[in-house]
Amino acid sequence: MVTLLYHWDFTGSDDLSLNQAIYDSQSNVVAKVKSRGTFNSSNTTFSRSNDGIFLNNNDNTTGGYYIDLEGLNTIQFSGNLSIEMAVQNHKRDIKAVYFLSTGEDNGTNKAFLNARFNGLPGKNKMFFGVRTDEYSNSGVSYVERKIRGDNDTVITDNSEHHYMFSLNYDGSSSSVKLYIDGILKGNNTNDLEKALITDIRSVNFIGTRKVEGEGVSYLKGVIKYLKIYQGAMTDSEVSNAHFTYIAGHPELV
């Protein structure tokens, strides 16, 4: 059974300002909409509604808006995890980052979680990448374990979809899984070699990579919520989570 650690509800009235604190309902961990780089502020905007926070990024190569889950930057969350999100993707020809948690380049912590849509020719599918180790002084690093969804994970419209990303370390049955709208779309059962480490990952973003600069993409879309659970969800738990999501969307019933 999983335990809900963090839940950010990004819906609300359109009065959200840049760098305004948004607290998760479980632990009062702070998230903020931030901007970086250079962009046309009349063309690239952000707003909030009952659908969530709309990161209306149109420049995509020089800067934009993103959500910084900055409260996680000093928290150690590790082991088996499940990440649940409801997202609309309005631009599907870029690498659109849905969730990123990673350490600094100059540190020993090379572990990361990376959930994104690969909007590139031949790769336009959902992607979940995991590296569970820390980079040792001897230069030994475990291999990144990743999963790309099957052909049905090509997102072709602006509709909201329900995503679950699951990480499970077990010496005999490790797995990285990807679910879309309650259906398992990808499963990598290669051994993760060790559990996700407890070192702090000081970059936790929705909407972009950890480094800025020319060519770094920024999500154009709406994020309704993000939930992080301790534990890897079973198929039945994912189904229950999806039914809960559907209950809030009468039009889908």
Side-chain angles (χ1 to χ4, degrees), residues 1-7 69 72 75-87 89 95-103 109-118 122-136 140-155 161-201 203-206 225-246:
M1 181 178 295
V2 298
T3 301
L4 181 61
L5 298 177
Y6 310 106
H7 176 194
L69 307 163
L72 289 180
I75 292 175
Q76 295 178 334
F77 63 103
S78 61
N80 296 337
L81 296 171
S82 297
I83 301 160
E84 180 182 358
M85 303 185 75
V87 180
N89 187 345
K95 285 185 177 181
V97 175
Y98 288 20
F99 175 76
L100 173 71
S101 179
T102 187
N109 179 1
K110 298 295 183 180
F112 65 78
L113 304 169
N114 183 5
R116 68 174 187 260
F117 182 79
N118 271 7
K123 296 183 179 180
N124 53 339
K125 301 175 183 179
M126 286 303 301
F127 169 96
F128 184 39
V130 176
R131 187 162 59 205
T132 59
D133 72 301
E134 60 182 336
Y135 194 83
S136 70
V140 176
S141 179
Y142 292 112
V143 175
E144 174 189 359
R145 300 304 183 191
K146 54 192 175 183
I147 180 68
R148 285 188 175 89
D150 62 28
N151 290 333
D152 290 336
T153 69
V154 178
I155 307 302
H161 293 278
H162 177 243
Y163 300 92
M164 189 74 73
F165 308 95
S166 174
L167 164 66
N168 177 68
Y169 171 76
D170 184 286
S172 59
S173 59
S174 300
S175 64
V176 179
K177 294 183 178 181
L178 161 64
Y179 299 81
I180 301 179
D181 296 330
I183 300 172
L184 180 64
K185 294 296 186 180
N187 181 12
N188 186 341
T189 57
N190 286 343
D191 185 10
L192 291 169
E193 296 166 41
K194 65 185 300 186
L196 184 67
I197 61 173
T198 57
D199 283 4
I200 291 170
R201 283 169 296 283
V203 175
N204 298 277
F205 290 167
I206 296 173
Y225 65 79
L226 166 68
K227 298 179 183 180
I228 301 177
Y229 301 85
Q230 191 75 66
M233 281 199 177
T234 63
D235 289 348
S236 61
E237 286 176 317
V238 173
S239 294
N240 289 337
H242 185 61
F243 286 143
T244 299
Y245 166 79
I246 289 292

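Counting begins at 1 with the first residue of the sequence.
- Between A96 and N89, the closest heavy-atom pair is CB-ND2, 3.8 Å.
- The shortest heavy-atom contact between S101 and R201 is OG-NE, 3.3 Å.
- When side chains are defined from C-beta on, M126 does not count as touching K185, because their heavy atoms never get closer than 4.5 Å.
- Taking OG1 from T189 and NZ from K177, the interatomic distance works out to 9.0 Å, rounded to the nearest 0.5 Å.
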Exercise for the section: Determine, stepwise, if the pair L81 / Q230 fulfils side-chain contact (heavy atoms from CB on, under 4.5 Å). Expected result: CA-CA 5 Å; L81 296 171; Q230 191 75 66; 3.8 Å; yes
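- For the pair S166 (side chain) and A232 (backbone), a donor-acceptor distance under 3.5 Å is absent.
- The aromatic rings of Y98 and Y163 sit perpendicular, their planes meeting at an angle over 60°, well past the 30° parallel limit.
- Within the 4.5 Å cutoff, the side chain of N114 has heavy atoms near those of the F127 side chain.
- In this structure, S82 contributes its side chain and G231 its backbone to a donor-acceptor pair below 3.5 Å.
- Inter-residue side-chain proximity for E237 and M1 is flagged as met; some heavy-atom pair is nearer than 4.5 Å.
- The side-chain heavy atoms of I155 and F117, taken from C-beta on, include a pair separated by under 4.5 Å.
- With sequence neighbours left out, the side chain to side chain contact (heavy atoms under 4.5 Å, CB included) criterion links L4 to H7, Q26, K227, Y229.
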Exercise for the section: Quick one: do I228 and L72 satisfy side-chain contact (heavy atoms from CB on, under 4.5 Å)? Show the steps, please. Expected result: CA-CA 11 Å; I228 301 177; L72 289 180; 4.1 Å; yes
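- Considering CD1 of I183 and CG of D235, their distance stands at 11.5 Å, rounded to 0.5 Å.
- To the nearest 0.5 angstrom, L113 atom CG is 6.5 Å from L167 atom CG.
- At least one side-chain heavy atom of D181 sits less than 4.5 Å from a side-chain heavy atom of H242.
- For the residue pair L184 and G186, the shortest heavy atom distance occurs at CD1-O, 3.3 Å.
- Between the N168 side chain and the N80 main chain, no donor and acceptor come within less than 3.5 Å of each other.
- Residues R116 and V97 come closest through the heavy atom pair CB-CA, 3.8 Å.
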Practice task
Would you check, one step at a time, whether the test side-chain contact (heavy atoms from CB on, under 4.5 Å) holds for K125 with L178?
Solution key: CA-CA 11 Å; K125 301 175 183 179; L178 161 64; over 6 Å; no
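- If you take CD1 on I197 and CZ on R131, they are separated by 10.0 Å, rounding to the nearest 0.5 Å.
- You'll find the side chain of I75 reaches within 4.5 Å of the side chain of Y6, heavy atoms only.
- In this structure the side chain of F77 reaches within 4.5 angstrom of the side chain of N204, judged on heavy atoms.
- Between L69 and L226 there is a side-chain heavy-atom pair separated by less than 4.5 Å.
- Tested against E84 for a side chain to side chain donor-acceptor pair (under 3.5 Å), the candidates Y225, Y245, Y179 yield a single pass: Y225.
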Practice task
Could you go through the side-chain contact (heavy atoms from CB on, under 4.5 Å) check for I206 and M85 one step at a time?
Solution key: CA-CA 11 Å; I206 296 173; M85 303 185 75; 4.2 Å; yes
